[in-house]
Amino acid sequence: MAPSLTKENSGIAEIKPPLISLQGPEFVANGHLVLSDVPPNVVATPSAATAYGCFVGFDADEAKSRHVVSIGKLKGIRFMSIFRFKVWWTTHWVGDNGRDLENETQMVILEKSDSGRPYVLLLPIVEGQFRSSLQPGEDDSVDLCVESGSTKVAGENFRSSLYIHTGDDPYRLVKEAMRVVRAHLGTFKLLEEKTPPGIVDRFGWCTWDAFYLKVHPQGVWEGVKGLVDGGCPPGLVLIDDGWQSISHDDDDPTTDQEGMNRTAAGEQMPCRLIKFKENYKFRDYVSPKSSDPTGPGKGKGKGKGMGAFVRDLKDEFRTVDYVYVWHALCGYWGGLRPKYPGLPESNVIAPKLSPGLKLTMEDLAVDKIVNNGIGLVPPEKADELYEGLHSHLESVGIDGVKVDVIHLLEMVCEEYGGRVELAKAYYKALTASVKKHFKGNGVIASMEHCNDFMLLGTEAISLGRVGDDFWCTDPSGDPNGTFWLQGCHMVHCAYNSLWMGNFIHPDWDMFQSTHPCAVFHAASRAISGGPIYVSDSVGKHNFELLKTLVLPDGSILRCQYYALPTRDCLFQDPLHDGTTMLKIWNLNKFTGVLGAFNCQGGGWCREARRNKCASQYSHAVTAMASPKDIEWRNGNANSPISIEGVQLFAMYMFKAKKLVLSKPSQKTGISLDPFDFELMTVSPVTVLAGKSVQFSPIGLVNMLNSGGAIESLTFDGEENSVRVAVKGTGEMRVFSSEKPRSCRINGKDVAFAYDECMVIIQVPWPNSSNPSLIDYLF
């Protein structure tokens, strides 16, 4: 049921005369033209919740399952957008006219003008049994594509297939619009209403790039042990694809292979699930602690099988709080094998790509799925699929699941009421199972980048991938892809978060600590605000790098919000314009953080319909950084950082190890070579009343997210002292205009250095997860 919106609880501005309206053949925002030549069949209905928005629909001449209609022409207005470049994944795209749009666009923001035109958000949504997207039309038209996905579901009159919202702040614009749509649809919950799973605060290790499909218990054990022995103990172990019992249609399922003879790249994708229990590799695990694996505990996870393995793993490695496993939305890549004992009913359905999806990038997974079909459980029995799978996983000690291959229901919905109805049934069943077996939030959503999932599948799911996979190398064979694909990954994650971050907490995916661009990735993960996990091969780790991310207890210094592009990057192209540096901002409890990344060198190519190298743009770029790049008012509402009256900021550069004092609007130049980065901790300066000492904390400068170490900050004007609670170990720095007379850690005097207006203290690990209390006395 949709929540009621009132002035007090909506989080949306008070209702005033409409600021966005359809006036004759023009959409006008605050008196300024936005879209011209709007056809007469287009209908706009003001939002009942706010004057800043309206819903848009149209009347068609006949009922059809797919309509493409113009909602007006866009000419000469800069826009940023999010579109599906693959079936599963979206990314950022910019332009100035309707013809510059891409197909399968999920969101468009029009830039505000100096003359008073506000930011304008165009957000295609779902209406009834239909789902919408935007695409380019003729003569700069913006076309609205409304489709059910089934020839048996047709319609001709629509009133709310698109929502338009206006505002003066691009970040609040999207948030406020999502609140309106949340109330309008009542089919999802916003991230601000949910709690992400505990894995977001723990360092993790995923088995995928380490083993691919050849994952096995001994390998997992050795992988965890290696990280523990190296001083970076994981709190999360994610067992990726390769643990399930599967078979190809050509295989005899009575053999003992269970699909594990299909381990070449993509070879597993035509396979189907044949049982809910783990395959023989994990089923045959025998606990060394069990003296009699054939005794009373047999089959109950006591001495043998996945349950014994998970128990032994957690018993031996005490930091491992969470063990997750991978599965596809439909059970496996190819769904379920029909008529197999112990599984719910299923039928192999031939997938069909919509016209929009046919224009996305060629993808091995899509090709395999289309060629071999999906063993689909009927929607009325989807609960049996998830109950069978998740109840077993819970019984063997699994704490959560990574649900992958999510966005394929639209390809197989012809006989099931269309894409919206099929999605509702599956997401309802998945949500109920997650609530029953995994504490309501034990899920990582993946391959889910489409508005069907965001608007229909996020009632409980609160964590999801916001970028394409981390690719060690280019699967298309371009040797330069080892580098330019890493820039693509960061741009996907940063810009997608502006949209997806309203539904799910952004997960920037794993990476490998020994990759040539590992430090580049680590810097982005450190300030992403999401989980940090690697997919290192067993025994192949860069511990020096990992220790800038991970504390000795397996926890991380996570930001309070999720990283987003700065305002001056929103409408630019940081991949192939040769000049724009990607800058992202986030907030810690007492500091802001600004990340600068040179991602230039490759990305989406409209002509080739795929990502391509663009080496002509891969060179050094320069940008300006300022405390104003941090959106101090647009972060976590529960822990805002007040900068009212602050006249000075201390900006500490991680790589340059340099402190810059900056006025709020002052700018500092940064120059970066290709695939290089800089992280800046931005800390408001406070004047200690009794001594007029200027002071601001920086944090542990041996950690990539230095400011994330600061847990509390207390000024005592009468005692002329400052107390800082610090989580972690290493080199603690603060800016101070005067040298303190003494410093203490947990009440004991300690040695300190004072260099270039920074107080430097070495903080030992307290042998617990409790913070160290540092007192600076003046």
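You'll find the ring centres of W208 and Y533 outside the 6.0 Å limit. No close placement of the H489 and F511 rings is indicated, their centers lying 6.0 Å or farther apart. With ring centers used as reference points, F695 lies under 6.0 Å from Y776. For F675 and W484, the gap between ring centers reaches or exceeds 6.0 Å.
No more than 12 heavy-atom neighbours from other residues, nucleotides or ligands sit within 6.0 angstrom of NZ on K439. More than 12 non-hydrogen atoms from other residues, nucleotides or ligands lie less than 6.0 angstrom from NZ of K314. No more than 12 heavy atoms of other residues, nucleotides or ligands lie within 6.0 Å of NZ in K628, so this atom counts as exposed by the packing criterion. Heavy-atom neighbours of E544 CD from other residues, nucleotides or ligands within 6.0 Å: at or below the threshold of 12.
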Show the numbers, then the answer: is there a side chain to side chain contact (heavy atoms under 4.5 Å, CB included) between D169 and N634?
-> CA-CA 9 Å; D169 182 311; N634 282 322; 3.0 Å; yes
Show your reasoning for whether side chain to side chain donor-acceptor pair (under 3.5 Å) applies to D673 and N598.
-> CA-CA 7 Å; D673 288 329; N598 183 351; over 6 Å; no
Under the ring-ring contact (aromatic ring centres under 6.0 Å, His included) criterion, do F470 and H515 qualify, and how do the steps go?
-> CA-CA 11 Å; F470 159 71; H515 188 272; 5.4 Å; yes
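By the 4.5 Å heavy-atom criterion applied to side chains, V237 and V220 are counted as neighbours. Residues M581 and F597 are not in side-chain contact: their nearest non-hydrogen atoms beyond the backbone lie 4.5 Å or more apart. Using a 4.5 Å heavy-atom cutoff, the side chains of D507 and I444 are in contact.
A search for ring pair (Phe, Tyr, Trp, His ring centres under 6.0 Å) contacts involving Y171 returns W585, not counting sequence neighbours. For K112, the side-chain contact (heavy atoms from CB on, under 4.5 Å) test picks out Y119, with sequence neighbours left out.
D468 and H492 share no donor-acceptor pair across their side chains, judged by distance under 3.5 Å alone.
Seen from the ring of F677, K655 counts as a face-on cation partner, given the 6.0 Å and 45° thresholds.
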